Student: 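What follows is a single structure, and I will ask about it in a moment.
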Amino acid sequence: MAAPWTHDAGGMQRDPTTAARSGVGFAALFRASAAILGELHVLNDVLIAPKSGAATAKAAPSASRRPIEAPPNATWAAPAKATSGDPVADLREAILGKLAYVIGKTPATARERDWFAATALALRDRIVDACMDSSAKAIPHKRVYYLSLEFLIGRLLSDAMNNLGLVETTRAALKDLGVDLGDVEAAEPDAALGNGGLGRLAACFMESMASLSIPAIGYGIRYDHGLFKQSLEDGWQKEAPETWLAEGNPWEFARPESTYTIGFGGHVTMSAISEGVIRRHWQPAETVLAVAHDVPVVGWRGKHVNTLRLWKAEAEAPVELARFNGGDHVGAVSARARAEAISRVLYPSDSSDAGQELRLRQEYFFTSASLQDLVRRHVTERGDLRTLPDHAAIQLNDTHPAIAVPELMRLLLEDHGLVWEDAWHITTNTLGYTNHTLLPEALETWSVELMERLLPRHMQIIYLINWMHLEEQGRHGRADAAHLASVSLIDESHGKRVRMGHLAFHGARRVNGVSALHTDLMRSTVFKDLHALDTDKIVNKTNGITFRRWLHNANPDLTRLAVEAVGARVLDDPEALQGLADYAGDAGFQARYAAVRRSRKEALARIVTDRTGISIDPSALFDVQIKRIHEYKRQLLNVVETVALYQAIKADPNRDWTPRVKIFGGKAAPSYVQAKLIIKLACDVAKVVNDDPDVAGRLKVVFLPNYSVSLAEAIIPAADLSEQISTAGMEASGTGNMKLALNGALTIGTLDGANIEIRDHVGAENIFIFGLDAAGVQARAAEPGYPAKAIAASPRLAAALDLIGSGGFSPDDRSRFRPLVDDLRHNDRYLLTVDFDDYWRVQREVDDAWNKPKAWWRSAILNTARMAWFSSDRSMREYAEEIWRVRVG
Ligand code: 26V
């Protein structure tokens with residue numbers, strides 16, 4: 001039966017191809033997408049992958065929570081239709097109308113999911129009204145275009161309600177209908193269109209740009225399947241497909257009228273257009289359509305609405321009639337499957353899938369569609385493409401859209417007839433590039449062979465750009481081979497590969513790092529020689545987080561406390577949080593602050609019991625490490641310290657140990673074997689520790705499965721201690737560190753990424769810093785045999801490693817964790833062994849500090865008070881002024 005709401009303009013879209021319904025597992029889903037491209041020559045239940053040739057160019061419920069009290073007259077969103085004068089009644093009627101006429105249900109038959117959709121649709125109308133108001137204004141002088149392969153949005157309902165000032169109105173309207181707002185919120189699936197920090201940053205930036213009234217469009221991919229669902233089977237991570245679109249997406253508007261053709265493969269022809277002037281034309285062998293789907297992003301107080309435009313891949317001809325009529329029914333739809341594979345699934349890791357053709361297709365697909373869209377808009381609005389840099393700032397979120405450099409050149413040269421010099425001037429004055437990692441294995445490169453096959457015209461343009469770039473070096477007397485090899489856009493050291501970071505760097509007007517340390521390291525390491533050519537190009541833009549989501553929505557009780565203490569202006573101006581410092585030592589305020597924490601910890605304890613069966617004591621110290629599982633983030637350091645603590649408690653059970661609950665959450669890339677083994681170790685340690693009566697009441701270990709934005713919103717307000725323990729120099733910034741500190745968790749961390757700036761803001765006495773700094777890491781890593789020396793010097797570390805390595809936590813498979821321990825003993829690239837003793841020492845300082853509640857809560861309050869600078873509003877203002885040169889407000 002067709003869905004009752006089938007495709008009305010602006011209505012919900014039902015996606016018929018969810019893996020859930022077909023029962024395809026995550027790995028199979030992924031294989032199927034790749035196989036369609038001929039990358040994996042396997043038989044699968046979707047299609048028979050072409051053998052060769054065809055792949056070539058030819059062819060968690062939110063924590064129960066009360067909202068912050070709406071200030072008087074807080075309904076700042078205009079109602080959608082003629083009003084009765086009663087906002088609650090109006091919204092109630094609007095929700096009922098959506099339920100009946102769009103969802104096709106009665107209140108008696110509606111499920112929570114239906115109420116969610118009806119509520120979202122009713123609120124979307126209000127957003128549209130606000131949007132019509134803001135778009136009725138003149139064409140903005142300049143727009144920001146934020147190109148990102150990832151937007152880790154999470155749920156949108158509470159953001160929308162809060163920014164429209166409609167939390168209480170919605171609650172009351174639903175209550176009239178016998179429906180609980182909390183249940184409705186919990187029915188919204190997370191839009192998990194990102195892996196971690198980079199994708200969440202893009203979502204925070206979109207919210208901040210809307211709140212600051214910076215005209216902006218975010219461009220990305222509308223993946224059918226976001227980041228995989230993680231379950232733990234006997235402690236082993238298992239992946240299942242995520243199906244956020246299974247019941248449609250009430251926030252989005254399909255825009256079939258904004259469809260672009262994206263080419264792949266083929267060849268390049270030449271024509272002489274006048275004496276001595278040759279034009280090249282790309283003749284793609286294959287084309288795919290990019291169809292726009294818009295999600296409105298409403299800013300604080302509903303004053304401004306921006307758009308997140310996500311592209312869906314579709315085939316030009318869903319069925320090839322000639323083949324179908326010839327009896328080749330499967331072949332007749334193969335092009336369709338191949339086209340749609342592009343927006344089928346988010347790549348679930350940062351580097352382990354490097355080099356896969358489908359990934360490059362995704363990158364080019366969304367970059368080309370976005371550039372075609374913004375070029376068309378500019379031509380419509382302004383006529384002359386030479387003024388593009390005055391009216392558009394295009395930000396590349398990492399190198400994923402770096403193909404924008406040759407693509408914008410191609411559009412300007414081929415489609416718009418500009419000469420090279422003008423096209424290059426426009427390109428290099430419009431693009432900005434943000435780098436998010438310096439880890440060598442994470443820096444994108446593409447083989448020249450693949451680029452030539454998939455994007456032959458772009459490869460020609462890249463060669464030409466590179467030729468001019470290297471010529472320029474010669475003119476400045478820098479033609480030595482080592483220098484040229486270092487700045488070249490092509491790495492020739494192991495086969496020919498295009499360095500996407502170099503390409504983005506060279507094509508951008510400004511290049512930025514995401515914390516002060518990271519930016520310094522960009523200048524002194526990976527981009528050293530490129531930096532020397534133009535020392536103004538690299539700038540720092542320390543990351544930020546949106547306080548609307550990470551304080552106001554995630555922790556309404558704490559927000560209410562802040563409003564009561566320093567006034568409602570704290571909702572508009574995070575700097576007002578500074579006023580809390582006056583109360584940091586006040587016993588009454590401390591008690592209220594601690595009570596808020598206590599209630600969040602009780603809520604989290606319920607979630608933990610629900611999902612893992614483990615019961616935890618809310619009066620214990622909640623020690624939290626939540627982030628992707630990566631060796632450089634050193635979850636293993638935390639687990640080894642847990643084991644050492646376990647041994648210490650057992651050896652001296654009568655000491656006055658500080659009760660702790662170690663809480664872990666995070667996903668490992670499906671193919672990242674070591675990371676998955678670390679999860680298994682954490683789970684195996686948890687089993688032994690939690691079952692041991694000798695440590696009962698002192699130590700518990702929890703690994704919460706399926707970490708997500710929604711789960712983060714429940715964990716962060718409940719955290720006492722925030723683990724930010726990456727090897728110094730390796731975490732570009734971190735943003736979880738900011739969310740936790742803002743909510744009053746004290747940080748235990750290394751001098752890495754934004755931790756350094758957090759220390760500078762909250763004060764060295766309100767943070768626990770340990771370990772080597774980035775320079776120390778560099779020096780120590782150069783000393784041969786450092787792990788063996790460190791282990792020999794630390795009996796505590798040696799004992800913990802012995803217990804893990806000898807099967808103390810894996811009696812069923814005693815050698816299970818040998819690979820982890822052997823790697824630490826002989827390799828230890830992340831210097832865990834070197835930092836261990838200092839980490840242990842500072843953890844014991846944490847224990848002592850926890851036992852001095854007055855000082856602890858003072859520090860916690862000062863953390864909240866002094867984190868204002870880490871608002872993504874501040875980041876966005878800095879980008880606007882120094883990179884985009886666009887007006888704020
Ligand atoms: C990390 C790793 C770790 C080792 C294996 C290969 C690999 C590949 C990629 C990455 C990170 C990819 C880019 C990224 O997500 N960077 C994150 O960006 C955040 C927002 O700027 C920042 O806060 C994080 O520190 C940074 O890791």
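In listed order, ligands and their atoms are each counted from 1. Count residues from 1 along the sequence. Keep in mind it's a predicted model, so treat the numbers as computed, not measured.
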Student: If we check side-chain hydrogen bond (donor to acceptor under 3.5 Å, both in side chains) with N543, which of these qualifies: S875, S733, S515?
Tutor: S733
Student: Report the part of N195 in contact with ligand 1, treating N, CA, C, O as backbone and CB onward as side chain, heavy atoms under 4.0 Å; options are side chain, backbone, both, neither.
Tutor: neither
Student: Side chain, backbone, both or neither: which part of H630 has a heavy atom under 4.0 Å from ligand 1?
Tutor: side chain
Student: Counting only heavy atoms, which portion of L439 has something under 4.0 Å from ligand 1: side chain, backbone, both, or neither?
Tutor: side chain
Student: Does H436 reach ligand 1 with a nitrogen or oxygen that is under 3.5 Å from one of the ligand's nitrogen or oxygen atoms?
Tutor: yes
Student: State whether E207 and R548 are salt-bridged, where the test is any N-O pair (Lys NZ or Arg NE/NH1/NH2 against Asp/Glu carboxylate O) under 4.0 Å.
Tutor: yes
Student: Taking R549 first and then D159, would you say they form a salt bridge - that is, a charged N and a carboxylate O separated by under 4.0 Å?
Tutor: yes
Student: Taking salt bridge (charged side-chain N to carboxylate O under 4.0 Å, His left out) as the test, write out the residues that go with E150, two or more places apart.
Tutor: none
Student: Short list, please: which atoms of ligand 1 are under 4.0 Å from a heavy atom of V514?
Tutor: 21 (O)
Student: For Y632, is at least one N or O under 3.5 Å away from an N or O on ligand 1?
Tutor: yes
Student: Are any of the N or O atoms of D398 closer than 3.5 Å to those of ligand 1?
Tutor: no
Student: Any idea which atoms of ligand 1 are less than 4.0 Å away from a heavy-atom of A732?
Tutor: 25 (O)
Student: Identify, with sequence neighbours excluded, every residue that meets salt bridge (charged side-chain N to carboxylate O under 4.0 Å, His left out) alongside D822.
Tutor: R818
Student: Consider only side-chain N and O atoms of T542 and N540, and report whether a donor and an acceptor are under 3.5 Å apart.
Tutor: yes
Student: Could a heavy atom of G196 be found less than 4.0 Å from some atom of ligand 1?
Tutor: no
Student: So with a 6.0 Å cut-off around CD of Q778, is the heavy-atom count from everything else above 12?
Tutor: no
Student: E357 versus L450: any side-chain heavy-atom pair under 4.5 Å?
Tutor: yes
Student: Please report whether ligand 1 has a polar contact with G734, defined as an N or O pair separated by less than 3.5 Å (distance criterion only).
Tutor: yes
Student: Hey, looking at atom 27 (O) of ligand 1, which of M738, E731, R200 has the closest heavy atom?
Tutor: E731
